Amino acid sequence: MDSGLSDREIKIAVVGDIHEQWEPEDGIALQRLGVDLVLFVGDFGNESVEVVRAIATLDLPKAVILGNHDAWYTASEWGRRKCPYDRKQEDRLQQQIDLLGHTHVGYSYLDFPNLNLSVVGSRPFSWGSSEWKNAEFYRDRYGIENFEQSTARIAQSVAAAAGEVIIFLGHNGPFGLGDRPTDPCGKDWHPAGGDYGDPDFTEAIAKSRLLCKQIPLVAFGHMHHRLHHTTELRRPIAIDPEGTIYLNAAAVPRIVKTLQQRDRNFSLVSMQGGKVARVSLVWVDRNYSITLEEILYESQVRV
């Protein structure tokens, strides 16, 4: 990749957990925002093939990872018992993967040479926590049987990616960002407190640093900003000692409707010189104007 491209500003939209809230206006809004790349953190709905189909047709550079709700009736015994369709006749999980094609980066990667970066996906369909869940599902679908093998699979994608600058995309975030309910992956249901991040994701990031990869951004969702036990909101940003920005983009619901207006949110990340310069949460109205912008992070160093 051409390092001479790295000085131009890159505008990235991160779309948080959708949960069936995707409309044609979302694609228009992203076009109007002038983004160079769109990252989707998953949870489009409960194996909602039509929502994924709409995402797949979005005519913008994009990378996607599928979340736990995208395997809601497939990954767990509980979900399979409640499945509303005949799983012998159709595989809606695989339909989603097929629709997304190479843009689905779960356990994979996608190079964007014109942006001088690569996007690497963590473990797809993650439910979170330090417990290895849905063992049969990961064994049968991916040949993965534990966190160690999962870490190795993610690290293989990093090694194969062409970019020296790596953006990580996960459904759930990595372990180690705090164990308070308000932390980016903090557990906020009974018993409240605890780190619900993915340990294989954390280890994969550490292994990537050994390859001398630059990691300016780790984007994810899953843990919604509104908490169960308090009116406080989840902290969406964390920064590690190496300067990597961790962004939880799950501002749910992402579309808010009233009689007077209809606003939709996106997280916007501005990058320059391979570093994150600014992160904000914006709300866009029916006229595609930004009605509210919350600055989540702004670099104190001009890049």
Side-chain angles (χ1 to χ4, degrees), residues 1-16 30-31 33-42 55 58-66 100-124 153-171 173-174 201-202 204-221 236-249 266-280 296-299 301-303:
M1 293 189 180
D2 183 1
S3 60
L5 296 172
S6 62
D7 288 337
R8 80 173 182 89
E9 183 179 10
I10 298 170
K11 193 173 185 179
I12 300 170
V14 185
V15 183
L30 288 167
Q31 295 278 2
L33 288 169
V35 299
D36 299 293
L37 175 64
V38 188
L39 304 177
F40 291 91
V41 304
I55 300 300
L58 179 68
D59 188 22
L60 281 170
K62 59 184 178 289
V64 182
I65 193 165
L66 291 167
L100 294 170
H102 70 282
T103 65
H104 181 242
V105 295
Y107 280 149
S108 187
Y109 69 95
L110 194 54
D111 294 326
F112 293 92
N114 60 317
L115 302 178
N116 202 44
L117 59 83
S118 298
V119 177
V120 174
S122 65
R123 172 166 40 100
R153 178 68 66 87
I154 301 167
Q156 287 172 6
S157 294
V158 175
E164 294 180 4
V165 175
I166 299 291
I167 291 177
F168 273 106
L169 180 62
H171 176 57
F201 200 175
T202 303
I205 292 170
K207 287 181 178 293
S208 303
R209 298 195 195 282
L210 297 178
L211 297 174
C212 298
K213 297 288 188 177
Q214 186 176 343
I215 308 170
L217 176 68
V218 178
F220 54 93
I237 293 284
I239 308 171
D240 70 15
E242 287 78 13
T244 297
I245 306 298
Y246 296 81
L247 169 64
N248 180 335
F266 304 93
S267 294
L268 295 182
V269 179
S270 174
M271 287 181 52
Q272 193 169 4
K275 297 180 180 179
V276 174
R278 180 185 174 101
V279 182
S280 62
L296 305 178
Y297 167 82
E298 196 156 25
S299 173
V301 179
R302 180 168 297 189
V303 294

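Just so you know, residue 1 is the first one in the sequence shown, and it goes up from there. Here the structure is a predicted model, which means the values were calculated and not measured. When reading the values below, keep in mind they use all heavy atoms of this one structure, side chains included, and skip hydrogens, waters and symmetry mates.
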**Prompt:** Is any side-chain heavy atom of Tyr107 less than 4.5 Å from a side-chain heavy atom of Ser157?
**Reply:**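 No, side chains not in contact.
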**Asked** Quick one: are Leu247 and Ile237 in side-chain contact, heavy atoms under 4.5 Å?
**Response**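 Result yes, sub-4.5 Å side-chain heavy-atom pair found.
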**Prompt:** Should Val15 and Ile55 be marked as a side-chain contact (heavy atoms from CB on, under 4.5 Å) after you check the CA-CA gap, both sets of side-chain angles, and the distance that decides it?
**Reply:** CA-CA 11 Å; Val15 183; Ile55 300 300; over 6 Å; no
Rounded distance [0.5 Å steps], [atom1] in [X] versus [atom2] in [Y]:
X	Y	atom1	atom2	value
Ile205	Ile166	CD1	CD1	11.5 Å
Ile239	Tyr246	CD1	OH	11.0 Å
Leu33	Ile12	CG	CD1	13.5 Å
Gln156	Lys207	CD	NZ	11.0 Å
Arg123	Arg153	CZ	CZ	12.5 Å
Leu58	Phe40	CG	CZ	5.0 Å

**Asked** Is the distance between the ring centroids of Phe201 and Phe220 under 6.0 Å?
**Response**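 No: the rings miss the under 6.0 Å criterion.
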**Prompt:** Which of these, Leu169, Ile154, Asp111, Val105, sits in a side-chain contact (heavy atoms from CB on, under 4.5 Å) with Val120?
**Reply:**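 Of the listed options, the one satisfying the test is Ile154.
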**Qualifying residue for side-chain contact (heavy atoms from CB on, under 4.5 Å) with Leu37, from Leu110, Asn114, Leu115** =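 It is Leu115; the other options fail the test.
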Determine whether a donor-acceptor pair (N or O, by modelled atom type, separation under 3.5 Å) exists between the side chain of [X] and the backbone of [Y].
X	Y	value
Gln31	Asp59	yes
Lys213	Gly163	yes
Thr103	Lys62	no
Asp36	Lys11	yes
His104	Ile65	no

Over all heavy atoms of both residues, which pair between [X] and [Y] is shortest? Give the atoms and the distance, please.
X	Y	result
Gly273	Gln214	O-NE2, 4.1 Å
Leu30	Ala13	CD2-CB, 3.6 Å
Phe112	Pro61	CE2-CB, 4.1 Å
Ser208	Phe168	OG-CZ, 3.3 Å
His171	Ser122	N-OG, 4.3 Å
Leu39	Ile167	CD1-CG2, 3.9 Å

